[in-house]
Each structure stands twice: as structure tokens, then as C-alpha cells.
> 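Once you've had a glance at the structure underneath, I'll fire off some questions.
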Protein chains: 2
Amino acid sequence: MEDVLLRDGRALKHVVVREYVRGLVAGNAPGSPAPSERELVHRFGVARMTVRQALDALVTEGLLERIPGRGTFVARPRRVATPIIGYTEEMARRGLLAESVTLLARREQAGPGVARALNLTEGDAVIHWRRVRRGDGAVVCLEDNYLNEVLLPGFLQTGMPTSLYDALDDRGLRPTWAEDSISADTVGDEEAALLEVDPGTVVLRHSRRGLVDDKIVNVSRSVYRADRFTLWIQLGHDA
Amino acid sequence: MEDVLLRDGRALKHVVVREYVRGLVAGNAPGSPAPSERELVHRFGVARMTVRQALDALVTEGLLERIPGRGTFVARPRRVATPIIGYTEEMARRGLLAESVTLLARREQAGPGVARALNLTEGDAVIHWRRVRRGDGAVVCLEDNYLNEVLLPGFLQTGMPTSLYDALDDRGLRPTWAEDSISADTVGDEEAALLEVDPGTVVLRHSRRGLVDDKIVNVSRSVYRADRFTLWIQLGHDA
DNA sequence: TAGTGGTCTAGACCACTAT
DNA sequence: TAGTGGTCTAGACCACTAG
């Protein structure tokens, strides 16, 4: 929560102006005008620099744009890259119902690969959560998640959620940074049985390391049926 | 290029201060101090608001951070998502030498799929560029690029570059936005021969639509040998 | 206590846009 | 010509940090 009050309870003027303008233009079409700086000066009885400080913040966050000689206007929303989402949201984007069956949800000792990925020592405790995931009823994916238990005390006891990312969000641990690797492969017998395909069928493998700040929250390894899943990614941003 | 001069040739003071500070701290370790605002006021003989305008710009771009009561310091560089890069840079990231053999580079009439992807009408002229791409000598990928000819007049005549993205960059058309789709598949006879694998071998398919602003610059369809290529992607940003 | 950044004032002149 | 944003001044008081 942002500090909007001084010690004596007075509101910061530039914040008052900023939020007034934000409320005014909220939902307005791109290109619609915001109040002019001098109009805000008059309305709030503040100096122009104070108004500019308020508008600067809204320009920086991309809500407004200034056009010299013309005025200040609602900016066109900028495109931003694909957010970091999990299976549940991936399915929602496709308009499919995400369902899961938990095959495993327990405390384990980290093996060498998982330990390295989570930046732990081999044998440290991790939470291993394995699910078969469906979209509109059809088997789509087999997902293994490994969570750093130190960051998630009591996670196994609180009842497993549908969306891991929602649960992480509740604890302020939703990843803001992800390192993904994506490859094509064929499945072995065990994975084939769970995905309801023949051994040797082509699959898409997707591994992810999820971080918030410098904390590695989870590592996931997903195997998608190639006939039922294509990964979509949007990269970059507007100028 | 930014305007740094007024009509009469005088430099904008906040730009002078900003670039002075940028030069001072360039390459300095995160946490090292920048000059204080009042020190800059004294050095340049300007008002403090002018100095603040200069520093605000550097804070917004992530170079500096302010700590109230302490001073202004070089900020820790923020992580940003994977930039939009092509094969040449993908290989460079792996420390591999990117080489290509052009199989096709010609003007064609857009088929239905390409026309839709480039937002053209079927039969419109497109540039089709097909290459077999190698990394450290080994065949890695078969890439078909379709370019909007209207945006790239004379492109075929200027001699084909190694890196498409470098060539686009030279024309101010390097994509800043990309829509990618990634799937696993098996190859047919023609692709198999070019990739030097058996038909039916598993491959990674990567399609991309590259845009700058609202202009669709190119559409690419790449087929990677699954045994020689894993896609790496980093998503998100620091708080 | 001295120094820092945060907030704020009450003006000023400029270039540019639209009428 | 009137209105807009861009730049700039010369101060002021505040809260906070560090020695």
C-alpha cells in the first residue's frame, strides 16, 4: 500500500490530483482528453509543478500521453508480453475447462536434478505434486511440480488448490520471473499410460523455473500431448 | 534521435545534467552513489527542479534509484523478458556459429495461410525465403520466412543478409512484438531429407508473426531437429 | 547536526496547435 | 489569438538517515 498521507493525516496533493485524474479517465476511450494542467491547477488550488508531478506518474504507467500544444489524452493501452501463467490460465485462455487429478502430493528428498533447479542441496525437503491435467475432459498434460518447502510451510496440510499459481499468489509467491525450456520428445511407457497414448508418441516437454525476486519458488516439468496442445507465447512490448 | 537543442542552439539543461550523470555512473557497480541533487544544482547553476527532472528520467529508465534520507544510487539492473531474437542470435546465445544455406529467395503470391498471417489478400506479393540453418556445422533447422513485400521494397535485390533481424533493424523494421506458437510434431519426407533425419522423426515446430507497431513484418515457420534444439525463454520482469 | 530526497509554491518564457 | 504542454527559476518546509 502506498503512503498517501503525511504524519498529520493530510493527503499528498500530487496523489490527490493523480487519483482524481485516474478516476476521471478510467474506462475512457484512448484519445479522449484529460483535464489540462492549468485546469487542474485551478480546480485544486495547487502549483503547476504539483499537477505535472501527478500527471507524470500517469504518463509513466502508460495511462496518459501528452501531446505538446494539444493537451493530455488517454493513451492507447500498450501490449505487454505474455504474463507468467500456469495450466489453469492456459486452458482458460483457450476457453477450456481445466481439471486435474492429483496422483501424488507429498514431501520428498530432492534428487540431484530438482536440487540443482531449486538451488537446494540434494536430500533437502521438497514438495512433489504430480497431476494429470485435462481440458474439457480430455487428457492434455502430465505435470510434476517441485516446490521449495522452506518457502511454503504447511502447504500440503492446507488442502491442495486447483491452481498452483493462485495458491502462490495468496502467499505473495506468485512468480514474476520464469525460465522456461521447451522441447519435442517421445514418451516412455509410464508417461504414455498416464497420457493415454502409445509409448513412443510425440509430446511437447515444458520445464519451468519460477522465481519471485531471487527466490526460486517452484520447478515444473510438464509433458503435453502434441495432438492436444500448442504453446502460445507473445513477446516484447510496444515502443 | 532526441531533440536536445532549442531552436537557438542552446542545450536543454535537464538533458545536459541527465547525460552528465549517466556518463558519471556508467559502468559503476549497483549501489554506488550518484551526485546529490544539491551538488548538481551547484555544479550546473540550475534550479533543483531541473536536476530532479534529469534524475527522474534516469530513475524511470531503471539506471538510478533514490533512497530518501540517503541519496541517489546506481540501481541493480532489472531482469527483462527474452528479447525478440532470430536464429542467428539464438545460436550466439549458445556459443554456436550460425550458418545458413538459402534454398529459396523469391517473390511469390501469398497462399491462404500466409495471407491470413500477414494480413494480406490471397495472391498479394510476398517474399519467401527458405533456409537450412546450421549450428557449428550440424543441421539444426529448416526455416521459411514470408515477408510483406510492401514494407521491404527492393529487399531481394540488395543481397540476402545472414541475419534477417539485422537487415530489418537497418530499415527500422525489427519486430518489437512477436506472436509465437510452438508445438511438437513429426516430419514428412521433404523436411526429413533437408534436416537429414528419417521421415517420422520428432521435431519442434516454431511459428512466429513479427510486428513493429501494428505492421506485420514477417511470418516464419521453423522446424527444429528435436535432438539438437531446445527453446529457452525467459518471461516476466523484476518488480 | 548536517545532508539527503520528497513535496510544494508562484511565478516566467518558450514552441506548438487549433481556430 | 488563445490554449496547451515543455522548460526553468529560486526559493521553502518536511521526514528521514547517518555520524
Side-chain angles (χ1 to χ4, degrees), chain A residues 1-21 24-25 28 30-75, chain B residues 1-21 24-25 28 30-75:
Chain A
M1 188 57 185
E2 183 185 16
D3 261 353
V4 295
L5 297 179
L6 298 173
R7 268 213 183 144
D8 59 9
R10 286 185 302 113
L12 294 175
K13 296 186 181 181
H14 72 92
V15 174
V16 171
V17 175
R18 189 226 294 153
E19 296 310 315
Y20 168 79
V21 174
L24 261 191
V25 305
N28 287 13
S32 34
S36 77
E37 297 180 356
R38 284 161 181 88
E39 183 182 334
L40 292 166
V41 164
H42 195 253
R43 173 181 296 274
F44 288 95
V46 298
R48 189 160 160 236
M49 289 305 302
T50 304
V51 167
R52 285 185 63 77
Q53 182 179 9
L55 296 183
D56 278 342
L58 297 174
V59 168
T60 297
E61 71 179 66
L63 181 64
L64 298 181
E65 64 178 328
R66 293 199 238 246
I67 303 179
R70 296 230 295 132
T72 305
F73 303 89
V74 177
Chain B
M1 187 58 185
E2 184 186 15
D3 260 354
V4 294
L5 296 179
L6 298 173
R7 266 211 183 147
D8 58 8
R10 287 184 301 113
L12 294 175
K13 296 187 181 182
H14 72 93
V15 174
V16 171
V17 175
R18 189 226 296 156
E19 295 310 312
Y20 168 79
V21 174
L24 262 191
V25 304
N28 287 11
S32 31
S36 78
E37 296 180 357
R38 283 160 181 89
E39 184 182 334
L40 292 166
V41 164
H42 196 249
R43 173 182 297 273
F44 288 94
V46 298
R48 189 160 158 236
M49 287 305 301
T50 305
V51 167
R52 285 184 63 78
Q53 183 179 9
L55 296 183
D56 278 342
L58 297 174
V59 168
T60 298
E61 71 179 69
L63 181 64
L64 298 181
E65 63 178 330
R66 292 200 240 244
I67 305 180
R70 295 229 296 133
T72 305
F73 304 89
V74 177

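Each chain gets a letter, A, B and so on, in the order the sequences are listed, and its residues count up from 1.
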> If you check the Q53(B) side chain, which of dT7(D), dG6(C), dT9(D) turns out closest?
dT7(D)

> Is there a donor and acceptor pair, one atom on the side chain of R38(A) and one on the base of dG3(D), closer than 3.5 Å?
no

> So which one's nearest nucleotide on DNA chain C is more toward 5', P68(A) or A34(B)?
A34(B)

> Establish, yes or no, whether the cationic atom of R18(A) lies under 6.0 Å from the six-membered ring centre of Y20(A) and within 45° of the ring axis.
no

> Looking only at heavy atoms, which two atoms of E65(A) and V74(A) are closest? And how far apart?
OE2-O, 4.2 Å

> Between T50(B) and dT9(D), is there a side-chain N or O to OP1/OP2 distance below 4.0 Å?
yes

> Considering only dA10(D), dG6(C), dG5(D), which nucleotide approaches the side chain of A47(B) most closely?
dA10(D)

> Return the pairing partner of dA18(D) with a 3.5 Å limit on both distances, Watson-Crick or G-U wobble; otherwise return none.
dT1(C)

> For R43(B), does the CZ atom sit with more than 12 other heavy atoms under 6.0 Å from it, leaving out its own atoms?
no

> R52(A) CZ to dC8(D) P: how many Å, rounded?
11 Å

> Rounding to an integer number of Å, can you tell me how far M49(A) CE sits from dG6(D) P?
11 Å

> Between I67(B) and L55(A), name the one whose nearest nucleotide on DNA chain D is closer to the 5' end.
L55(A)

> According to a strict under-4.0 Å criterion, is R70(A) in side-chain N/O contact with OP1 or OP2 of dG3(D)?
no

> Can you see which heavy atom on G62(A) is nearest to which on A75(A), and at what distance?
O-CB, 3.5 Å

> Only pairs with both distances under 3.5 Å count, Watson-Crick or wobble alike; so what is the partner of dT9(D) in this structure?
dA10(C)

> T72(B) side chain N/O closer than 4.0 Å to the phosphate oxygens (OP1, OP2) of dT4(C)?
no

> If only side-chain N and O atoms of S36(A) are considered, is one of them under 4.0 Å from the OP1 or OP2 phosphate oxygen of dT4(D)?
yes

